[in-house]
Amino acid sequence: MTTAALEKLDIRDIEAFLYREADCLDRTDLDAWIELYAEDGSYWMPVTPDQPDPFTHISLFYDDRLLMEIRRINFTQDASSLIYAVRSSHIIGNVRIKSWDGEIAEVTSNFHAAFFYRGEQTLYAGRYTHTLRKNGDSWLIQRKRVDILNADQPLKSLVLYL
Amino acid sequence: MTTAALEKLDIRDIEAFLYREADCLDRTDLDAWIELYAEDGSYWMPVTPDQPDPFTHISLFYDDRLLMEIRRINFTQDASSLIYAVRSSHIIGNVRIKSWDGEIAEVTSNFHAAFFYRGEQTLYAGRYTHTLRKNGDSWLIQRKRVDILNADQPLKSLVLYL
Amino acid sequence: MTTAALEKLDIRDIEAFLYREADCLDRTDLDAWIELYAEDGSYWMPVTPDQPDPFTHISLFYDDRLLMEIRRINFTQDASSLIYAVRSSHIIGNVRIKSWDGEIAEVTSNFHAAFFYRGEQTLYAGRYTHTLRKNGDSWLIQRKRVDILNADQPLKSLVLYL
Amino acid sequence: MYDIAHIQNLVEPNRVHRDVYLDPQIFDMEMIHVWGKAWVYLGHESQIKNPGDYYATTIGKENVVMVRGKDGKVHVIHNRCAHKGVKVATEGCGSVKGFKCPYHGWTYNLDGTLQGVPARAGYADTGFDMADPKFHMQKVAQSDSYRGFVFATLDANAPSLKTFLGDAAATLDNMCDRSPEGEVEVAGAPLRYIHDCNWKMFIENLNDAMHPMVAHGSVGNSTKRLAAKLPKDVPYPREAEIIFPFNSSYQFFDAMGVTGLPYGHGYMGGKQSIHSSYSDVPGYWDAMVKSYGEDRTKEILSQNRHNTIFYPSFTAKDAIQAVRLVKPISVDKCVVESWHFRLKGAPEDLLRRTILYSRLINSNASMVGPDDWDCYSRMQESLRSDSYEWVDIRRGIGKEDHEGQALRSFGTSDLSFRNQYKAWLAYMTTSSTKERAA
Amino acid sequence: MYDIAHIQNLVEPNRVHRDVYLDPQIFDMEMIHVWGKAWVYLGHESQIKNPGDYYATTIGKENVVMVRGKDGKVHVIHNRCAHKGVKVATEGCGSVKGFKCPYHGWTYNLDGTLQGVPARAGYADTGFDMADPKFHMQKVAQSDSYRGFVFATLDANAPSLKTFLGDAAATLDNMCDRSPEGEVEVAGAPLRYIHDCNWKMFIENLNDAMHPMVAHGSVGNSTKRLAAKLPKDVPYPREAEIIFPFNSSYQFFDAMGVTGLPYGHGYMGGKQSIHSSYSDVPGYWDAMVKSYGEDRTKEILSQNRHNTIFYPSFTAKDAIQAVRLVKPISVDKCVVESWHFRLKGAPEDLLRRTILYSRLINSNASMVGPDDWDCYSRMQESLRSDSYEWVDIRRGIGKEDHEGQALRSFGTSDLSFRNQYKAWLAYMTTSSTKERAA
Amino acid sequence: MYDIAHIQNLVEPNRVHRDVYLDPQIFDMEMIHVWGKAWVYLGHESQIKNPGDYYATTIGKENVVMVRGKDGKVHVIHNRCAHKGVKVATEGCGSVKGFKCPYHGWTYNLDGTLQGVPARAGYADTGFDMADPKFHMQKVAQSDSYRGFVFATLDANAPSLKTFLGDAAATLDNMCDRSPEGEVEVAGAPLRYIHDCNWKMFIENLNDAMHPMVAHGSVGNSTKRLAAKLPKDVPYPREAEIIFPFNSSYQFFDAMGVTGLPYGHGYMGGKQSIHSSYSDVPGYWDAMVKSYGEDRTKEILSQNRHNTIFYPSFTAKDAIQAVRLVKPISVDKCVVESWHFRLKGAPEDLLRRTILYSRLINSNASMVGPDDWDCYSRMQESLRSDSYEWVDIRRGIGKEDHEGQALRSFGTSDLSFRNQYKAWLAYMTTSSTKERAA
Ligand code: FES
Ligand code: FES
Ligand code: FES
Ligand SMILES: [Fe+3]
Ligand SMILES: [Fe+3]
Ligand SMILES: [Fe+3]
């Protein structure tokens, strides 16, 4: 990446965008959340730390827009797993820009998401890797990779994106 | 809010102020903490996410300066619930300015407070909504609303502000 | 500290440096981590909040470079306590510069480290106190003091730095 | 399960054995013998105003639903699908046309009777009978309500609710009578407070007049110290008005008196309590006189019971419109719920006072509740000591006066403890509903 | 430990007592009588390709290691050091020359025999004998593999694996036959899913044809609603192809049929299943025909078993190359592992379909699994209700056809439940290996 | 409670049954029979220097307080209020004029006798007697101290502390003699380390000479590898001096020897230990000679016991001034506390060495403790295996020499295990204090 290009990136803008995405999830506003994703954008939560791809190895989540849409609708239906209050509070920290070519920025950050579901609060923690595409003076999410510390461990149900 | 006005707000200042408040609590320095509140300031922790007011519905906390003062004194007395070490570590993140009219700023943030009491560490997480009044080149807290994820769930004793 | 000097300190740089250190730990890259420490640097985790020194009172950790080196090597050996996946996600927040004399900066911050070991995720939370020495346009760690909330409580094994 | 002799040895006239608080088997027996036989308060009719409104809760460890039927009647049914035992309604309140089990879709009417079974043909010639109660969400043995307070019991042989309540009912009457319309309604969600102690420690504490001046001395002194700094000419803030009585003298509490009633119920005060000297709320008196006339109003407002214990499941105040439910979880864990009520037709300011009271005294974040909490936990912890296995309840023994079914004594007497364990022993040593069913 | 009569009273022809799901003592007995006697699936040979490769796992609560010996043979040994009982190999897979205990360094050969003891002189004249099995990591009673699937049993008297599998083996055969090379191999790490329910609820659910259209109706409708918005001319996305069948009608599932086999095994479908109408994968047909010829290929692809239950330890699909293991943790907790397989020699796209299927249906983050999870948990919770102590399994009773050792009925019959409890009762009421050993 | 025969069958000359580590009922019996009869170390007099200073701790599961009385004497009393059983003093140290219960304010003198009861008139004619011990914070059966180390026992029939300690006392003597003033004092707060294993695994490990070179080989090699890089001419850093001995050969440990004493006590080394070749600390020798003369100083410094086990409650070193207490929590959980001492009148550098030693070897964050921890946990986990139910302790059996009450053998013998279980069996099979009290 050219330093020149990099200088043009204000990490504050990136942070603000990541906060906005987290805020959509904390408000369980999937309508607004989906809008932050590119048409060919995807959300991926692998099972193993070094997982090469979402297609030939099982993942916890791998949603393209189609599945995001189904999930968005399902979230408003009567699924018995979704009649409970779903609440979260995301803290995003240690945001670092890994690369920026003037169009695509790869950004890593750490996150702690306190997630409340079925009367239990669980802390999901790990690392985000956002591939962001410049879109006017904002961004679109090309891919969000979510590596939680215990992805390969026995986990309970995950009823919403982290 | 006028963009003009907004531009004049440096989110860094706001963050620094929120950190200062959290630091008072982490150091259990209620003397300094109270000073951050306006004479008619209040600290509110509702029981329900959508709670309209602190008066006709029960809350966990709703302290005006009078009760803050009583609490401050009580914290130094011999209450059996307060003879234990009380320690906390607040992380405040995703700070966003919701409105700013040149005098009053409404700021939301997410927080994770690790709270240590009676040998147990508990993570309280949720959202802060600070109503801040400009006071010279610093701020005064008009109201701090604290929504924890599990406010309506069975909780143990809360012996200090979050 | 002179305001003049202070002005020259961009808290962003400090934060970036703290994030970099945390990142080394999250990646369990002790080679890179050690390089962030001064030759006479040390890492200290006291047992009591008010502990005066690491020499006449027991501490959980007190590593000078010598012990850091032993630990770094041991981490790659076959110790039965280290054949398990060790993963962490640090969130560092509320970063504040306590002093800066143009050469040495003392920086406090709060941290929440989600630590995964032997199938269990534990949240370690507390305060960092970094004594940083200016080193060209970066920093070296003179001392890192880590006060976790429950340092004086029964804890399990701590197999890596927090 | 212990035999009767074993249980009887746990309760002596002036002391009870620690096992009533520590032994998991005793707890399991309590769920069957005490919570399985007593009338337990579930909720208030104002929580389920319209047909189909329900509130899913518990009787001891039993999941039940209190629901408003099509006919407007309140039904209390077991929250269990007759097919494979799935919990049908989830905790808390909701509104439905009928109940539907999420697993295989069996549907139930609001009275719990089976409405439909998908692809029913598959049950042909299997002895399956829609009308058979075992294929319903079964009604609990008995349910009834008093002034809008809904109770149920799992025991078909239990006495009527009226008999069970006896003179304790007067507390609920007075709470309602304090409304110009004679009715209260629930004001919002409850406070929920986890306690690391046996459920009985909480209930027993509510008529324990020996503890406030000690356990709550700190907040009292703190308030005094602050009040001293306040301008003398203005009246004390309501906060002080609420907190100060907790530092009342032993004499004050003795004078208040304590009363024991059948079934382990009881109350402190009567004419005088820690609430009696609250200052007036503008407009309230007039509204009351308008409804009741002056004499009756005086009479209503002159009743002041401190805490009334409705053994085993809840406590109520009259001058403050709040009730506290205890939910047993395990031998050393329970959840306390504080619910608040609006006096219909009365100035909103009375609700504000009730809310303020509860926030100052009952809240997990108050400067009062956590001190009680700390004492309960420390009692639960050190009762296991082998140095002495008994809890003392001798204070004032032999100094009781009988008034009909009531027992009266000076306020700091342990009468209430003895009265509760008399009831407890009776419950624990008589056959269970299950035994009788068998 | 309960006596036989007590156990027998828990299972009736048309219902089972709640205690089979709730009683911790029953769970402990299951570990000895069911999990201690049945052949339990451990893993696949492709997980341990080379000598020294091992996979450490469990049989019920017993820690074992499946390891490839120097001779290429698969050994299954107890994961316990003979010295003081330390767990030698840690969970999961690894590769070693031999095993070494971390505490005092005793070393073991890949077949579990003792290789060396440090400073052995200290054992002179103590009766210590390297050859004595009690100083080895002992072999489990029996182990064997079928088409690469490794099983073991703790019971020396257990029938052969072939006998145990019976016709259920055809599911594994078909899964492998669908590979042009006749072999499958594990594709990566499993999904792990904690369930707050008894292990049997999960196994029983896999042949429960009454629940999909209800419990999974939501995701089906959501997908339909979205599909409606999609351009009509393009074919449905594969996602829809996978999700829609879960909303199939009762008739569809009835037609599929359910089959019960000895030892509690069973399956749904056979010729037709929710997988039968998947669209073709380019290149696959040709590859199959090349290996098997057209007729045999048709035959192979025409088999479609929905879920096959290998009681008690796992379930498998054939048309989708995935298996799900249940790991009992406690009476109300189990972990479900989903493993996925590559069809050797087949287009990678078939693995992609298997992965997609599992992500959409089995994943903790899918829109299907969490609904099952919710039902299990609510069943576990309300089964404790005293209103009725039984779980109904009468559907279709008396409507079974015998075909040799197999029992067949319409798909929504409870036949599979009854068949599992027949096996369960047989396991629980015959002497344990331990008893026989004694 | 198991009968004697059952207990006796758990211990054989060359092996112990896994149940001693796994069975919760055995653990409960241990609290009564072992921890209820042995002398248990509570703390050091230097923790309670002045009248009113106290330290609240435990004997097994019993909450007790060790407190300095007005008269300067040390009292050990049960930490339980005689009224309703509340824990009076909170964990850890503090300083008071007298004890006051937080619930109802009963007050106690520093010796536990009842000082006052609020509003005492309420107890008139109830048989209440201030002098009756059952209304006191009762004294434990016996307490005593040795060279400032405070012990207590819950058994009135226990032998004297001196008898109990026997030759193990020499370790405490030597620890104190190493102070020019003949006294040690506690240096600050302890390290607390949760262990997921039975308490006996920790105690047994302390004289287990077969494990260091294996379990701690890693840190030893790492240190060697680093040391190799260090300049040859400068002496090894103290860190290396401390770590290297853990990699000593079996011969070294055999030569050190192991000694078993009555009551399950024992130690390794004597003249030689892993501490013997520590380099000198400037000024220390002179200070010692000044106090003791050269010969006595040589004699003192020549004693070197590695770890001395004071069964069941703690271990001590002499050359390093540190003790480690084990606090049993449950059958599979215990907490280990490491306390450190200053040699009065000696150079501070000796404390620094003790601190450094403990940080390098005992700390939760050391490179030694976590490896022991891992072995204990894996032992706790795989002991449940049904492949073999016994833990082997045969090493060196029959190779012991009797010296008076002591048993001696080569250092890597299992003598210490056998000696501990001999004492354990004696405790577990003799009547409990409670039985005798009854
Ligand atoms: S369990 Fe309710 S319908 Fe089957
Ligand atoms: S326990 Fe395995 S070698 Fe000692
Ligand atoms: S319990 Fe201690 S004074 Fe009542
Ligand atoms: Fe109270
Ligand atoms: Fe399903
Ligand atoms: Fe060791």
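Basis for what follows: all heavy atoms, side chains included, without hydrogens, waters or symmetry-related copies. Because the structure is a prediction, the values reported are computed rather than measured. Letters A, B, ... mirror the listed sequences (proteins, then strands); counts begin at 1.
- A donor-acceptor pair is defined here as one N or O able to donate and one able to accept, closer than 3.5 Å; no such pair exists between the side chain of D:N364 and the backbone of B:L158.
- To the nearest 0.5 Å, atom NZ of residue B:K156 and atom CH2 of residue D:W373 are 5.0 Å apart.
- In this structure the side chain of D:R359 never reaches within 4.5 angstrom of the side chain of B:V47, judged on heavy atoms.
- For the options B:A151, B:A79, B:S80, heavy-atom pairs under 4.5 Å to chain D are most numerous at B:S80.
- Side chains of B:F55 and D:L356 form no contact here, defined as non-hydrogen atoms less than 4.5 Å apart.
- To the nearest 0.5 Å, atoms CG (B:L155) and CG (D:L191) are separated by 9.0 Å.
- With respect to chain B, the highest number of heavy-atom pairs below 4.5 Å among D:T354, D:D196, D:I243 belongs to D:D196.
- A distance of 6.0 Å separates CG in B:N74 from CE in D:M367, rounded to the nearest 0.5 Å.
- Contact annotation for B:T48: only side-chain heavy atoms (C-beta onward) come within less than 4.5 Å of a heavy atom of chain D.
- Heavy atoms of B:F75 lying under 4.5 Å from chain D are absent altogether.
- Looking at D:P190, the atoms closer than 4.5 Å to chain B (heavy atoms on both sides) all sit in the backbone: N, CA, C or O.
- When heavy atoms are compared at a cutoff of 4.5 Å, B:L66 approaches chain D by way of both its backbone and its side chain.
- The distance from the OG1 atom of B:T56 to the CG atom of D:L350 is 13.5 Å, given to the nearest 0.5 Å.
- Ranked by non-hydrogen atom pairs under 4.5 Å with chain D, the options B:E69, B:R118, B:M45 are led by B:R118.
- Using a distance-only test at 3.5 Å, with no hydrogens or angles considered, a donor-acceptor pair links the side chain of D:S363 to the main chain of B:L60.
- Inter-residue side-chain proximity for D:K327 and B:P154 is flagged as unmet; no heavy-atom pair is nearer than 4.5 Å.
- Inspection of non-hydrogen atoms places D:V219, D:S222, D:T223, D:R225, D:L226, D:K229 of residues 219-229 of chain D under 4.5 Å from chain B.
- Both the backbone and the side chain of B:D78 come within contact range of chain D, each with at least one heavy atom under 4.5 Å from a heavy atom of that chain.
- Distance alone, capped at 3.5 Å, is enough to place a donor-acceptor pair between the D:D371 side chain and the B:S81 backbone.
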side-chain contact (heavy atoms from CB on, under 4.5 Å) evaluation trace for D:I355 with B:Y62: CA-CA 11 Å; D:I355 293 297; B:Y62 180 69; over 6 Å; no
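- Heavy-atom distances place the side chain of B:D64, and not its backbone, under 4.5 Å from chain D.
- Counting heavy-atom pairs closer than 4.5 Å to chain B, the top residue among D:G369, D:A365, D:P370 is D:A365.
- Taking OG of D:S218 as the reference point, atom CD1 of B:I73 lies at 10.0 Å (rounded to 0.5 Å).
- When the candidates B:Q51, B:Q153, B:R71 are compared by the number of heavy-atom contacts under 4.5 Å with chain D, B:R71 comes out ahead.
- To the nearest 0.5 angstrom, D:I194 atom CD1 is 10.0 Å from B:S157 atom OG.
- In this structure, B:D137 places its CG atom where only 12 or fewer heavy-atom neighbours from other residues, nucleotides or ligands lie under 6.0 Å away.
- A distance-only check finds a donor-acceptor pair linking the side chain of B:H57 to the backbone of D:A189 [under 3.5 Å].
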